[in-house]
Amino acid sequence: MRVSKLLNKTLKEAPAEAEIPSHSLLIRSGMIRKLSGGIYSYLPLGWRVLQKISNIIREEMNNSGCQELMMPIIQPAELWKESGRWYVYGDELIRFKDRHNRDYCLSPTHEEVITTIVKKETSSYKELPLNLYQIQNKYRDERRPRFGLMRSREFLMKDGYSFDKDNEGLDNSYNDMYSAYSRIFDRCGLSYRAVDADSGAIGGSSSHEFMVLANSGEALIVYCDDCEYASNIESATHKAVTYKMGELQSIEKVATPNVKTIEEVATFLDVKKENLIKTLIYKATYKDNEQLICVLVRGHRDVNEIKLLNQLGALDIALADDEAVKKATGVEPGFLGPINLVNLPLYIDEEVLSVEDGVTGANEKDFHIIHVNGKRDMGQGTVGDYHLISEDDTCPVCGGKIHFARGTEVGQVFKLGTKYSEALDCTYLDENGKAQLMVMGCYGIGVSRTMAASVEQNHDEYGIIWPVAIAPYQVILVPVNMKDDTVVAFAEDLYATLKEKQIDVILDDTTERAGVKFANADLIGYPIRVTIGKKALYESTVDLKVRATGEVMSLGLEEAIGTIESLLKL
Ligand code: ATP
Ligand code: MG
């Protein structure tokens, strides 16, 4: 390729909305352009990067025995009603009607379609296991599209689905995908960590997310210093804390005028925050109705809303506003407590049971109750793990010190089990001719997000530093003066030689000043730059610069070609 022919305009400035380096650099280097909020075009250089990532994914999938196919983006509502997700997917699902007033959606994921295909195209245990994937645009009307390709509304995803006879088969498929994902992200030059994840609304029993550590990441990850434990905070647990036993005393109502918050109560009554019992009212939204529920956690804890949501099986939960709380309980928020609270479904965090001598609101303005005992006084409720862990907790596996870090999820593997095969009646005949449900897994990679994540990890103040495997071109040749015929001839010769050797090379044959060419090459992030200047004529040497290290080598022609080949590991 020649830069003079390339559709590529670099920009000095990024748009104001570009808050993170990958967003800004992908736009400035002319790889992507915004069409509308969260909707981007991939221009030729950006598309080459995406193709290279896609090809790495294809190679690893095909080597793991998976088959590529392509399914429709437009999907009929009936199918989504059959699985039940038409009603629960919410506003993220982009819905529309055709000219006959029939409902459709743009696919955010393909469990429904693939399950229907496999159901119709297979019948016997002999045809299993099957692992099918595609690389295709997905559509999600995200609440907050942002950070360029990181969270967009149209994005490129590889989605794969495995079908097995039983759980043992699923374990094998899952493990194969887990290792393939590790190889893919290694090859894309990402530093990542696979963490335990919540299997959430999509259903299923086990899941890992592949997280790229980045300050701009929207996910919070917990990891242990001393062992392999790593988890999304949403699903993280910790080693049980043993609290000091107090003496069992009778409860007592005490005046706490205008003392409402956890901090205020702790100070006023001179008790530790962990001995307070926080009483929170949430509004849970279900398919057909809404319900207020009450959650109890120890005073120093926050509610893990994902765990609570999963326990409730609700579509969404949010803290109820003060008005709703007052209306439902007759109590001013700040003085709520589980003792003699109006009849709301009660969810008790398991740690609350170990409060020996605690404090709660008295369900009466300006009063609290002291000497509350978690086991004795909480009443009937569903006990479970509903609290978020904190950095003061210790590792659930080894008891070691844990830390929090921010991460971006680039891929996820799920064990779905029979959720979709049951809903859509996807069965096979076993050895005895008996119908059995297929056991499924699903496996996603955000291809466009992986591209952004790679830039997030590989850049400097001058621009992108592409890993060789996914660079739009691996080598750029920069003749410094296009008016000098001998320089041009030299560059053209080298260009032809490298192309003959199947090296992915681009020649900057524009008449820009050398400084501009260098700045563009750095911004776009080609791994190797070869400068052809006067020295090429007098000494027959060129300057080879490695983008990642900044190292510059003055090399003879043959030597330069050899160095390029070894740097690219050809
Ligand atoms: P997130 O929690 O970040 O919203 P998700 O759990 O909804 O992601 P999955 O359904 O697991 O995502 O989709 C598979 C992959 O697709 C994710 O691992 C991620 O890399 C990518 N992805 C998901 N949503 C987006 C988006 N809005 N923009 C770009 N990539 C996305
Ligand atoms: Mg996910």
Side-chain angles (χ1 to χ4, degrees), residues 1-54 137 145-156 447-456 458-468 470-483 487-488 491-492 495 499 504-532 545 547-548:
M1 178 42 99
R2 291 164 188 275
V3 175
S4 61
K5 301 272 183 272
L6 184 69
L7 179 76
N8 177 250
K9 189 162 135 189
T10 55
L11 306 174
K12 285 229 158 51
E13 299 288 334
E17 66 182 20
E19 296 167 65
I20 61 170
S22 61
H23 187 184
S24 154
L25 289 172
L26 286 171
I27 288 181
R28 286 189 50 217
S29 62
M31 305 242 173
I32 62 170
R33 288 292 179 255
K34 178 171 156 182
L35 180 64
S36 174
I39 300 177
Y40 290 86
S41 301
Y42 308 111
L43 300 191
L45 286 181
W47 184 240
R48 282 182 75 85
V49 174
L50 277 180
Q51 287 297 322
K52 290 197 175 182
I53 298 173
S54 302
N137 273 345
R146 59 182 187 151
F147 297 157
L149 300 186
M150 286 288 190
R151 186 166 297 284
S152 38
R153 298 196 295 167
E154 175 182 273
F155 58 96
L156 193 61
V447 185
S448 42
R449 188 184 280 182
T450 297
M451 171 171 167
S454 183
V455 177
E456 209 55 39
N458 303 294
H459 70 269
D460 62 13
E461 72 254 50
Y462 304 109
I464 302 172
I465 307 172
W466 289 111
V468 166
I470 62 172
Y473 290 93
Q474 294 173 328
V475 181
I476 181 161
L477 304 185
V478 182
V480 290
N481 183 358
M482 287 304 288
K483 288 193 188 118
V487 166
V488 173
E492 288 284 353
Y495 178 56
K499 277 217 309 196
D504 200 12
V505 60
I506 185 165
L507 171 68
D508 191 345
D509 57 346
T510 60
T511 50
E512 291 286 0
R513 282 184 298 111
V516 174
K517 291 185 181 190
F518 293 156
N520 280 337
D522 280 351
L523 176 59
I524 292 167
Y526 303 109
I528 300 173
R529 187 184 85 201
V530 179
T531 308
I532 300 127
K545 183 179 166 196
R547 176 71 179 88

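Under the 30°/60° scheme for interplanar angles, the aromatic rings of His23 and Tyr40 are found to stand perpendicular.
Pairing each heavy atom of Pro472 with each of Arg48, the nearest pair is O-NE, 2.6 Å. Residue Gly148 comes nearest to Ser152 through the heavy atom pair O-CB, 3.8 Å, listed as atom of the first residue, atom of the second, then distance. The two residues Pro527 and Trp466 come nearest to each other via the heavy atoms CG-O, 3.7 Å.
The shortest side-chain heavy-atom distance between Ile528 and Val468 does not fall under the 4.5 Å cut-off. Using a 4.5 Å heavy-atom cutoff, the side chains of Glu492 and Leu507 are in contact. Side-chain contact between Leu11 and Glu13 is absent, with no heavy atoms from C-beta onward closer than 4.5 Å. With contacts defined as side-chain heavy-atom distances shorter than 4.5 Å, the pair Leu149/Phe155 does not qualify. Using a 4.5 Å heavy-atom cutoff, the side chains of Tyr495 and Ile506 are not in contact. Contact check for Val516 versus Asn520: side-chain heavy atoms found under the 4.5 Å cut-off. Between Val505 and Lys499 there is a side-chain heavy-atom pair separated by less than 4.5 Å. Here the side chains of Ile32 and Ile27 are in contact, with some heavy-atom distance below 4.5 Å.
Taken to the nearest 0.5 Å, the CD atom of Glu154 stands 6.0 Å off from the CD1 atom of Ile39. Here the CG atom belonging to Leu43 is positioned 5.5 Å from the CG atom belonging to Leu7, to the nearest 0.5 angstrom. In this structure, the separation between OG1 on Thr10 and CG on Leu25 is 12.0 Å, given to the nearest 0.5 Å.
Between Asp508 and Arg529, no side-chain nitrogen of the basic residue sits less than 4.0 Å from a carboxylate oxygen of the acidic one, so the salt-bridge criterion is not met.
In summary, of the residues considered (Leu477, Val478, Thr510), a side-chain contact (heavy atoms from CB on, under 4.5 Å) with Val3 occurs for Thr510 alone.
Counting only distance, with no hydrogens or angles, the side chain of Glu456 and the backbone of Ser22 share a donor-acceptor pair below 3.5 Å. At distances below 3.5 Å, at least one donor-acceptor pair connects side-chain atoms of Asp509 with backbone N or O atoms of Ser4. Although no hydrogens or angles enter the test, the distance criterion places a donor-acceptor pair under 3.5 Å between the side chain of Lys52 and the main chain of Ala471.
The list of side-chain hydrogen bond (donor to acceptor under 3.5 Å, both in side chains) pairs with a residue in residues 27-37, not counting sequence neighbours, reads Glu17-Lys34.
Applying the side-chain hydrogen bond (donor to acceptor under 3.5 Å, both in side chains) test to Asp460 and every residue at least two apart in sequence or in another chain returns Arg547.
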In residues 447-454, what donor-acceptor pairs under 3.5 Å come from side-chain atoms, sequence neighbours left out?
unit_1, atom_1, unit_2, atom_2, d
Ser448, OG, Leu156, N, 3.0
Arg449, NE, Met150, O, 2.6
Arg449, NH1, Glu409, O, 2.8
Arg449, NH2, Met150, O, 3.1
Thr450, OG1, Gly446, O, 2.6
Ser454, OG, Asn458, ND2, 3.3

Determine, step by step, whether Tyr42 and Val49 satisfy the side chain to side chain contact (heavy atoms under 4.5 Å, CB included) criterion, reporting the C-alpha distance in whole Å, the side-chain angles of both residues, the deciding distance to 0.1 Å, and the verdict.
CA-CA 10 Å; Tyr42 308 111; Val49 174; over 6 Å; no
Under the side chain to side chain contact (heavy atoms under 4.5 Å, CB included) rule, what do Lys517 and Val480 come out as? Steps first, then yes or no, please.
CA-CA 8 Å; Lys517 291 185 181 190; Val480 290; over 6 Å; no
In sequence, state the C-alpha distance, the side-chain angles, and the governing distance for Ile464 and Ile524, and then conclude on side chain to side chain contact (heavy atoms under 4.5 Å, CB included).
CA-CA 6 Å; Ile464 302 172; Ile524 292 167; over 6 Å; no
